[in-house]
Amino acid sequence: MNVLGFSHITLNVSNLERSLSFYCNSLKMKLRHKGNTDACLEWGTAWICLIQGNNLGSLEQGNVGVDHVAFYIGEEDFQEAVEQIKKLNITIVRGPVQRGRGWSINFLDPDGIELELHTSSLDERMKVWI
């Protein structure tokens with residue numbers, strides 16, 4: 001797989017407004033998108049997604065924290081990566097699907113951590129969301 005680098009991390013949060021205040025005010029991330037239960041924050045060349053879930057509970061309950069970690073891959077290399085994931089019998093949890101103007105596939109590492117390969121940038125996703 002020709003992974004190009006880190007893209008974003010998606011976090012499950014218990015209170016979107018509280019989390020936005022922390023990430024924007026304390027860590028000086030730039031708000032790029034805010035929905036009813038989600039937000040995208042830009043941080044240099046990477047981005048962070050925050051998703052507020054209903055009744056998430058606490059970190060101790062295992063419901064708050066990292067949802068998935070995403071990596072960029074070129075669209076020209078995406079289908080080959082999907083075939084390799086399938087050939088290696090890696091568990092696919094979503095996809096491949098078109099998301100925004102790019103393609104995405106979510107799968108599990110050996111410890112069950114969800115990873116994503118996707119072909120679009122935050123700017124490309126914002127063109128579709130806004």
Side-chain angles (χ1 to χ4, degrees):
M1 272 181 249
N2 189 22
V3 176
L4 300 175
F6 175 75
S7 168
H8 70 274
I9 187 166
T10 297
L11 303 175
N12 291 318
V13 300
S14 61
N15 183 303
L16 183 61
E17 293 303 323
R18 182 181 65 196
S19 294
L20 279 173
S21 177
F22 173 78
Y23 285 99
C24 292
N25 298 330
S26 301
L27 298 181
K28 304 300 183 198
M29 293 181 183
K30 180 182 174 186
L31 180 63
R32 290 290 305 273
H33 161 81
K34 182 176 182 296
N36 291 329
T37 59
D38 69 304
C40 291
L41 306 165
E42 196 168 36
W43 199 26
T45 59
W47 41 296
I48 291 179
C49 294
L50 304 176
I51 299 176
Q52 178 179 301
N54 295 330
N55 303 315
L56 277 179
S58 66
L59 186 57
E60 294 80 26
Q61 294 170 314
N63 298 322
V64 176
V66 176
D67 181 77
H68 70 274
V69 177
F71 303 97
Y72 284 122
I73 189 165
E75 194 158 334
E76 66 279 2
D77 296 319
F78 182 76
Q79 192 56 44
E80 181 181 330
V82 169
E83 294 308 315
Q84 188 172 3
I85 289 167
K86 289 178 180 178
K87 182 191 260 186
L88 295 170
N89 293 317
I90 295 171
T91 302
I92 296 171
V93 294
R94 180 178 60 190
V97 296
Q98 191 164 20
R99 298 192 66 207
R101 295 189 176 167
W103 285 90
S104 174
I105 186 168
N106 291 58
F107 54 95
L108 301 179
D109 83 349
D111 290 309
I113 298 169
E114 189 170 334
L115 304 175
E116 176 186 10
L117 291 178
H118 77 95
T119 64
S120 63
S121 67
L122 178 57
D123 284 337
E124 290 166 333
R125 285 194 180 184
M126 289 296 102
K127 289 175 186 173
V128 174
W129 284 346
I130 295 176

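Below, all heavy atoms of this structure are taken into account, side chains as well, without hydrogens, waters or symmetry copies.
- Considering every non-hydrogen atom in both S104 and N106, the closest pair reads OG-OD1, 3.5 Å.
- Of all heavy-atom pairs spanning L16 and T37, the tightest one is CD2-C, 3.8 Å.
- Under the 4.5 Å side-chain heavy-atom criterion for grouping Ile, Leu, Val, Met, Phe, Trp and Tyr, I9 is connected to V3 within one hydrophobic cluster.
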task: Assess whether side-chain contact (heavy atoms from CB on, under 4.5 Å) is satisfied between V69 and F6, documenting all intermediate values.
output: CA-CA 8 Å; V69 177; F6 175 75; 3.8 Å; yes
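- Inspection of the E83 and Q79 side chains reveals an N or O donor paired with an N or O acceptor under 3.5 Å.
- Separation of atoms CD1 (I48) and NZ (K30) is listed at 15.0 Å; rounding is to 0.5 Å.
- Separation of atoms CG (L88) and CZ (F107) is listed at 10.5 Å; rounding is to 0.5 Å.
- Atoms CG and CD1, on D67 and I51 in that order, are 5.5 Å from each other to the nearest 0.5 Å.
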message: Run the side-chain contact (heavy atoms from CB on, under 4.5 Å) test on D38 and H33 for me, step by step, so that the C-alpha distance in whole Å, both residues' side-chain angles and the decisive distance to 0.1 Å come before the verdict.
response: CA-CA 8 Å; D38 69 304; H33 161 81; 3.0 Å; yes
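- To the nearest 0.5 Å, the span separating CD on Q98 from OG on S120 amounts to 9.5 Å.
- Between L50 atom CG and L41 atom CG the span is 5.0 Å, to the nearest 0.5 Å.
- Using a 4.0 Å cut-off between charged nitrogen and carboxylate oxygen, E80 and K87 do not count as a salt-bridge pair.
- Between L4 and F71, every side-chain heavy-atom pair lies at or beyond the 4.5 Å cut-off.
- A distance-only check finds a donor-acceptor pair linking the side chain of S19 to the backbone of N15 [under 3.5 Å].
- From M1, atom CE reaches atom CG of D77 across 11.0 Å, with rounding to the nearest 0.5 Å.
- Partner of H68 under the side chain to side chain donor-acceptor pair (under 3.5 Å) criterion, chosen from R94, E114, E116: E116.
- Residues L20 and A39 come closest through the heavy atom pair CD2-CB, 3.7 Å.
- Contact between L108 and G112 at its shortest, heavy atoms only, is CD2-O, 3.6 Å.
- Counting heavy-atom neighbours within 6.0 Å of N25 CG, excluding the residue itself, gives a total above 12.
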message: Determine whether L11 and Y23 satisfy the following criterion, side-chain contact (heavy atoms from CB on, under 4.5 Å), listing intermediate values before the conclusion.
response: CA-CA 12 Å; L11 303 175; Y23 285 99; 3.2 Å; yes
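- Nearest heavy-atom pair, A81 versus L117, reported as atom, atom and distance to 0.1 Å: CB-CD1, 3.9 Å.
- T119 has its side chain within reach of I73: a pair of non-hydrogen atoms, C-beta onward, lies under 4.5 Å apart.
- With hydrophobic clusters built from ILVMFWY side chains whose heavy atoms lie under 4.5 angstrom apart, F78 does not share a cluster with V97.
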